[in-house]
S.K.: 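Shown below is the structure under consideration.
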Amino acid sequence: MFPKIDLPPISRRSSASIAMSPCQDIMKRGFDIVVAIAGLLLLSPLTLLISLALKNASPGPIVCRHKRYGVNNETFELFEFRTTLARQEEETFTFATRFGQLLRRSGMDKIPQLVNVLRGEMSIVGPHPFATAPGMVFHLPELHKVKPGLVSWAQVIDDLGETAYSANGLDRRIEYDRYYLENRSFSFDMRILFLTLLSQRTYL
């Protein structure tokens, strides 16, 4: 769902720099709050329609909760619309319902994560919070020094989703998350959002 752009060199540094100026930190948090509130209000009609569709499509909860690691390796519950059959919330993409596949392709399954952003557990932009297998969380302490993001640099680079479901792909996604940490700034966040909004696949 993201634009295809020239790949930057993958960083090979052993540790990630996470420093941002106090002013940028305030700007980033303020931006997160404004976007989360605006998104929840503007998308409330769509949220209602998705909830009704999920309820009619198959039995199970409307919103699922998944364990993820946040700042300082503290766990939190990540919210997302259910895209799989009941009791298969942590299964792979293969087990998604047809409507769930549509939600995933469009990114609409992430709408409830705006609540995570508003609660301060996530940011609009940050490292990608993902799992590697059913019921298991991919735990990398060096990537948990900042809030995970609704949108990530790895997703912007990964135009076709190729880094999501293979061992080599996961390694590349981790490297791109590290690249983000080493170069993070409020302006870089805006660039990532800009590239996301420009992508045609975002609106399919």
Side-chain angles (χ1 to χ4, degrees), residues 1-3 5 7-40 64-80 90 107 109-133 136-159 161 163-164 169-197 199 202:
M1 68 183 281
F2 295 95
I5 60 178
L7 302 183
I10 299 178
S11 173
R12 298 299 179 184
R13 280 184 272 179
S14 59
S15 61
S17 172
I18 62 170
M20 285 180 68
S21 69
C23 181
Q24 289 193 85
D25 280 330
I26 294 173
M27 291 173 61
K28 183 177 176 70
R29 181 55 185 156
F31 180 81
D32 286 346
I33 293 173
V34 170
V35 172
I37 292 176
L40 289 170
C64 294
R65 303 183 179 193
H66 306 297
K67 177 183 175 183
R68 295 293 185 268
Y69 285 92
V71 179
N72 298 323
N73 302 313
E74 294 183 0
T75 59
F76 70 96
E77 289 186 326
L78 178 144
F79 305 126
E80 67 178 9
E90 291 287 352
D109 61 323
K110 292 185 176 182
I111 292 176
Q113 291 176 28
L114 290 171
V115 176
N116 291 116
V117 174
L118 195 57
R119 289 168 53 165
E121 297 161 337
M122 295 181 64
S123 183
I124 296 298
V125 180
H128 180 67
F130 58 90
T132 55
M136 298 181 64
V137 174
F138 199 69
H139 183 32
L140 287 174
E142 67 268 30
L143 299 184
H144 303 142
K145 296 177 181 178
V146 300
K147 296 175 185 177
L150 196 69
V151 176
S152 72
W153 177 240
Q155 289 172 305
V156 170
I157 295 298
D158 182 21
D159 181 50
T163 67
L170 286 172
D171 288 341
R172 289 182 62 80
R173 173 158 287 189
I174 293 166
E175 289 300 325
Y176 286 124
D177 277 340
R178 286 175 174 148
Y179 177 90
Y180 168 77
L181 289 179
E182 294 169 359
N183 297 275
R184 65 189 294 264
S185 66
F186 187 72
S187 61
F188 191 21
D189 283 4
M190 295 303 101
R191 179 189 176 193
I192 292 171
L193 287 175
F194 181 70
L195 290 171
T196 302
L197 293 173
S199 172
T202 300

S.K.: Restricting to non-hydrogen atoms, name the atom on Ile192 and the atom on Thr196 that form the minimum distance, rounded to 0.1 Å.
M.R.: O-OG1, 2.8 Å
S.K.: Taking all atoms of both residues into account, what is the closest heavy-atom pair of Val125 and Leu193, and its distance?
M.R.: CG2-CG, 3.8 Å
S.K.: What residues, two or more places apart in sequence or in another chain, satisfy side-chain hydrogen bond (donor to acceptor under 3.5 Å, both in side chains) together with Asp189?
M.R.: Lys28, Tyr180
S.K.: Just jot down the side chain to side chain contact (heavy atoms under 4.5 Å, CB included) partners of Glu121, sequence neighbours excluded, or say none.
M.R.: Phe76, Asn116, Arg119
S.K.: Of His66, Arg68, Arg65, which meets side-chain contact (heavy atoms from CB on, under 4.5 Å) against Glu77?
M.R.: Arg65
S.K.: Angle class for the Trp153/Tyr179 ring planes (parallel below 30°, perpendicular above 60°, tilted otherwise)?
M.R.: parallel
S.K.: Hey, what do you get for CD (Gln24) to CZ (Phe31), rounding to the nearest 0.5 Å?
M.R.: 13.5 Å
S.K.: State, to 0.1 Å, how close Lys147 and Met122 come at their nearest heavy-atom pair, and which atoms those are.
M.R.: CD-O, 3.8 Å
S.K.: For Pro127 and Asp177, which heavy atoms make the closest approach, and how far apart are they?
M.R.: CA-OD1, 3.6 Å
S.K.: Looking at residues at least two apart in the chain, or sitting in another chain, which of them share a side-chain hydrogen bond (donor to acceptor under 3.5 Å, both in side chains) with Thr75?
M.R.: none
S.K.: Is the backbone of Leu150 close enough, under 3.5 Å, to the side chain of Gln113 for a donor and an acceptor to pair up by distance?
M.R.: no
S.K.: To the nearest 0.5 Å, how far apart are OG in Ser152 and OH in Tyr176?
M.R.: 12.0 Å
S.K.: Which residues pass the side chain to side chain contact (heavy atoms under 4.5 Å, CB included) test with Leu118, sequence neighbours left out?
M.R.: Ile33, Ala36, Ile37, Leu40
S.K.: Heavy-atom distance under 4.5 Å between the side chains of Met27 and Met190, does that happen here?
M.R.: no
